Amino acid sequence: MAPSQQMFALAPAMGLPSLAKSQIRLLVGKALWIYAMAEVGLPVVPTIAITRAAWDALQAERPTQGDNLRKVWVATLFKLVKPGTQPPDLVVRTSAPKHMPGLKSAKIGIPAPQSEDDAVDPERPLGKAIDAAFASYGAPEGWAGEAEIEARDSQIVIVQSKAAGRLAHFLTRNTATGAFGPVALPGDRLPKLPESALDLANAIDAASGQHMACAVAIAGDEAHFLSARSVEVSAGAQLEAAVDRVDRKVWTPAEAVRRFNPSQLPQLLHPRLADGAGTEPLASGLGVSPGAASGEIVFSPEDAARLRARGRHCILVVIETGPGDIEGMKAATGVLTARGGMTSHAAVVARITGKPCVAGVKALQIDAASGTCKIGERSFAAGDKITIDGTEGQVFADALPLSRPHIGGALSRLLDWADDSRTIAVRTNAETIEAARTALSFGAEGIGLARSEHMFFSADRMLALRRLILSENEYDRASALEGLVDYQAADYAALFATMQNKPVNVRLFDPPLHEFLPRSEDDIEETASALGLSVKALRARLERLVEVNPMLGHRGCRLIITYPEILSMQIRALVAGVETAMDNQDLPVHLEIMVPFVTSAREVAWVRSRVRDLIGNAEVFREGASLSFGTMIELPRACLRAGDIAREVDFISFGTNDLTQTTYGISRDDAPAFLAAYHRRALYDVDPFVTIDQRGVGELIHIAIERGRAVNPHLKVGICGEHAGEPRSLRFFAGLDIDYVSCSPYRVPVARMVLAQEDV
């Protein structure tokens, strides 16, 4: 855009503003709201704007004795003057998209230039004020990229007529409740405002969709708009305000959905640190499960369960968690670990159960034997109180005040409006009745991932699963499996009954062995005793099961291909579960069986053939229950061979956690150790385990969908990794040809909102 077009009137003294689309795109901060009020014909203090590029061009023209840009600038300045009146004193302000430290405050009472040269001379009052305003945005050194240069050139300074009358300030809405105002600023009394101030408040509220702090000049019975800035408020206040705008016919329901920030939803579903509870954190890690929690430090799952039974809150503090810690994690109010990343065991289980969790805290040292730990520079003993913030990834001393979740009618209404426009279904990842019920309460439309091995996290079940894993031969495995069938059949029946006739996608066994085997000395001794083995014999078996890289080892479909009796057990349990559920309800069960960790169509075909043989002519599937068969795509080769695989299945579902891990060749649990350095050096823009890598992992997903649908047009496609609950990733998935996403229960509302926004 030419410099001459980058100086223009936002609110001329006479008439309405007339801006080209390219000029409107330059508007940010105060300039945007001034223009918005002037455009609808409300009284606004006369205001013009100039960009840094235009001001620099004006200065470059001065030594050449040229006057083209100067004439445009002087003509623009005259738009601040009503015909037949003297030019007013002026005010110069910055206009940034958000508050920036060091920005120059308004320069007030600048005399109007006495000549055209005065209007551009940086040594005269107006030019000096404009120079100072632009300088406060920051020095240009180090800005090398085109985007940075363009952003710098587009920075705006506004020049206003000095307002006549008295100045008044107010908020458009109550910052706590979201109720429409005008409302006094914190610590002030609401000034007496004329009726026209209400019109301005209505207009700025509708245009911005935010809580705004407004400045007006009151002359007689009229309020003239001077400026406005957005005010940070809680998600609850934003939610109530969005619904109120619909009730007041300011917005449509679709507009309320489109303009609500989905990343604020976790604040409505989890406790958080209360406003004003500010204190310095002891240490920081990764906020892997949102919300805040306070409680006494415990170092073992048993102690967590003990305190829970006594009605006391506790934080489970461990190096890392494993399947044996699940009961303690459920009992604890929150979890703090020294190791682990966004998709670590602690992170996944915490999100499923809705518990706050901070992981990967390098400054955490634990001496469980003495019952002490060190967090940062401070030492703590078991029973001392700490607070964790799983949203920001911070740890604090003592029990800080928390705010309770904000869940009410407004949230339900907003999400219902979101569902009106959403075309992609939202399911949940859940294996327990508690998690399934939570997800249903948040609007889940089915289960997209039920991890069979997660049903064995209680002590007695863990022992049964270990007996299976440690079996020496087929006879031992068969004996161990008999004990597992009843467990799983009952679990499946309860899960099907809870979900009624919604689809339930059950992933076949995929236990990475290292996560389920005993590791500590106490655990090894207890397991040996329970299995009737000597500690020496158990150690020998454990030694034989050691894998160099267990996440790429004997797991997934490889386990059920090498040990078909495990598949037999699962199918028997699934059929029994469907039969029990169907006997106790009128609604049909919709079962989806998913094979994990496949690399080829031949693996899928082998498992599918055995599943069909095992199910045979089960009567329950002729009486209304439905069955579909599919696979989880979580390896690059499976993406590339998706066309072959699609011929063998009814659906595919992408496990984006493992797909990211295997595409990058990065261990998701070890990644935090070096990803921070990558971010500091701008080698990675985001953590690929948090936000989907669109150009690598995303391209593999796109290829797989395209090739799969080419040979199987009816192929159902889902996403069931943790990325399915992250806003930026969801926006990418919305552009793919998919049928559903599946995420942790507490992320279901986020997915519903984001996917609706992409369809609005």
Side-chain angles (χ1 to χ4, degrees), residues 234-236 239 260-273 286-293 321 326 329-335 342-359 388-393 402-408 410-412 414-415 418-419 422 425-451 454 495 498-499 502 656-657 689-691 719-730 740-756:
S234 70
L239 172 68
F260 190 81
N261 181 0
S263 63
Q264 292 186 308
L265 284 173
Q267 292 183 33
L268 306 175
L269 308 174
H270 299 276
R272 60 188 181 91
L273 292 178
L286 296 173
V288 298
S289 185
T321 66
I326 187 69
M329 294 180 70
K330 288 181 179 179
T333 312
V335 181
M342 293 300 297
T343 53
S344 62
H345 178 272
V348 172
V349 173
R351 285 194 290 266
I352 290 171
T353 56
K355 300 294 178 71
C357 180
V358 178
I388 62 171
D389 182 350
T391 303
E392 300 297 331
L402 306 179
S403 67
R404 294 295 100 192
H406 180 102
I407 304 175
L411 177 58
S412 295
L414 188 66
L415 290 173
D419 291 342
R422 180 168 51 82
V426 177
R427 300 192 193 181
T428 190
N429 304 335
E431 301 81 29
T432 67
I433 303 308
E434 181 183 8
R437 286 174 177 162
T438 299
L440 287 172
S441 73
F442 290 148
E445 298 167 280
I447 291 178
L449 176 62
R451 292 155 284 210
H454 281 207
L495 203 58
T498 301
M499 300 305 294
K502 292 180 171 62
T656 57
N657 303 339
F689 293 104
V690 177
T691 303
I719 307 283
C720 62
E722 282 302 308
H723 296 99
E726 194 273 327
R728 282 179 291 179
S729 304
L730 282 162
Y740 68 88
V741 299
S742 185
C743 55
S744 301
Y746 282 85
R747 289 185 162 192
V748 167
V750 176
R752 290 170 65 188
M753 182 67 66
V754 175
L755 294 174

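All values below come from the heavy atoms of this structure, side chains included, with hydrogens, waters and symmetry mates left out. From a predicted model like this one, the values you see are computed outputs, not experimental measurements.
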*Asks:* Search all heavy atoms of Ala450 against all heavy atoms of Leu495 and return the closest pair with its distance.
*Replies:*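 So the minimum-distance heavy-atom pair works out to CB-CD2, 4.2 Å.
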*Asks:* Looking at every heavy atom in both Ala293 and Leu402, which two are closest together, and how far apart are they?
*Replies:*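 Distance-wise, the nearest heavy atoms are CA-CD1, 3.9 Å.
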*Asks:* Can you tell me how far CZ of Arg351 sits from CE of Met342, rounded to the nearest 0.5 angstrom?
*Replies:*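 One gets 5.0 Å once the value is rounded to the nearest 0.5 Å.
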*Asks:* So, using salt bridge (charged side-chain N to carboxylate O under 4.0 Å, His left out) as the criterion, who are the partners of Arg728 when residues are at least two apart?
*Replies:*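 Glu726.
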*Asks:* Please report the shortest heavy-atom distance between Ser289 and Lys355, naming the atom on each side.
*Replies:*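 The pair with the smallest heavy-atom distance is OG-O, 2.7 Å.
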*Asks:* Go through the side-chain N and O atoms of Thr656 and His723 and say whether any donor and acceptor fall under 3.5 Å apart.
*Replies:*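 Yes, a side-chain donor-acceptor pair sits under 3.5 Å.
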*Asks:* Check Val741, Leu440, Thr438, Ile447 against Thr428 for a side-chain contact (heavy atoms from CB on, under 4.5 Å) and give me the one that passes.
*Replies:*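 Among Val741, Leu440, Thr438, Ile447, the one that satisfies the side-chain contact (heavy atoms from CB on, under 4.5 Å) with Thr428 is Ile447.
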*Asks:* Return the CG to CG distance between Leu268 and Leu415, rounded to the nearest 0.5 Å.
*Replies:*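 The CG atom of Leu415 is 9.0 Å from CG of Leu268, to the nearest 0.5 Å.
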*Asks:* Determine the minimum heavy-atom distance between Ala435 and Ala430, stating which atoms define it.
*Replies:*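 Between these two residues, the closest heavy atoms are CB-CB, 3.9 Å.
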*Asks:* Supply the atom-to-atom distance Thr353 OG1 to Ile326 CD1, rounded to the nearest 0.5 angstrom.
*Replies:*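 One gets 6.5 Å once the value is rounded to the nearest 0.5 Å.
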*Asks:* Can you name the nearest heavy-atom pair linking Leu449 to Glu431, along with the distance?
*Replies:*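 Heavy atoms of Leu449 and Glu431 come nearest at O-OE2, 3.8 Å.
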*Asks:* Run Met753 and Leu414 through side chain to side chain contact (heavy atoms under 4.5 Å, CB included) and show every step you take.
*Replies:* CA-CA 8 Å; Met753 182 67 66; Leu414 188 66; 3.4 Å; yes
*Asks:* Please output the side-chain donor-acceptor pairs of residues 744-751 that fall under 3.5 Å, not counting sequence neighbours, one pair per line with the distance.
*Replies:*
| from | atom 1 | to | atom 2 | distance (Å) |
| --- | --- | --- | --- | --- |
| Ser744 | OG | Glu722 | OE1 | 3.3 |
| Ser744 | OG | Glu722 | OE2 | 3.1 |
| Arg747 | NH1 | Glu722 | O | 2.9 |

*Asks:* For Val335 and Ile388: C-alpha separation, side-chain torsions, deciding distance, then whether side chain to side chain contact (heavy atoms under 4.5 Å, CB included) applies.
*Replies:* CA-CA 8 Å; Val335 181; Ile388 62 171; 5.6 Å; no
*Asks:* Between Arg752 and Ala418, which heavy-atom pair has the shortest distance, and what is it?
*Replies:*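 So the minimum-distance heavy-atom pair works out to O-CB, 3.9 Å.
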*Asks:* Quick one, Phe260 with Leu265, criterion side chain to side chain contact (heavy atoms under 4.5 Å, CB included). Give me CA distance, side-chain angles, the key distance, then yes/no.
*Replies:* CA-CA 9 Å; Phe260 190 81; Leu265 284 173; 3.8 Å; yes
*Asks:* Rounded to the nearest 0.5 Å, what separation is found between the CZ atom of Arg422 and the CG atom of Leu755?
*Replies:*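 So the gap between those two atoms works out to 6.5 Å.
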*Asks:* More than 12 heavy atoms of other residues, nucleotides or ligands under 6.0 Å from CD of Glu434: yes or no?
*Replies:*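 No - once you tally the heavy atoms of other residues, nucleotides and ligands closer than 6.0 Å, there are 12 at most.
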*Asks:* How long is the straight-line distance from CG of Asn261 back to CG of Leu239, given to the nearest 0.5 Å?
*Replies:*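 One gets 12.0 Å once the value is rounded to the nearest 0.5 Å.
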*Asks:* Calculate, to the nearest 0.5 Å, the distance between atoms OG and CD1 belonging to Ser729 and Ile719 respectively.
*Replies:*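 Result: 10.0 Å between the selected atoms.
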*Asks:* Could you go through the side chain to side chain contact (heavy atoms under 4.5 Å, CB included) check for Asp419 and Glu445 one step at a time?
*Replies:* CA-CA 11 Å; Asp419 291 342; Glu445 298 167 280; 5.9 Å; no
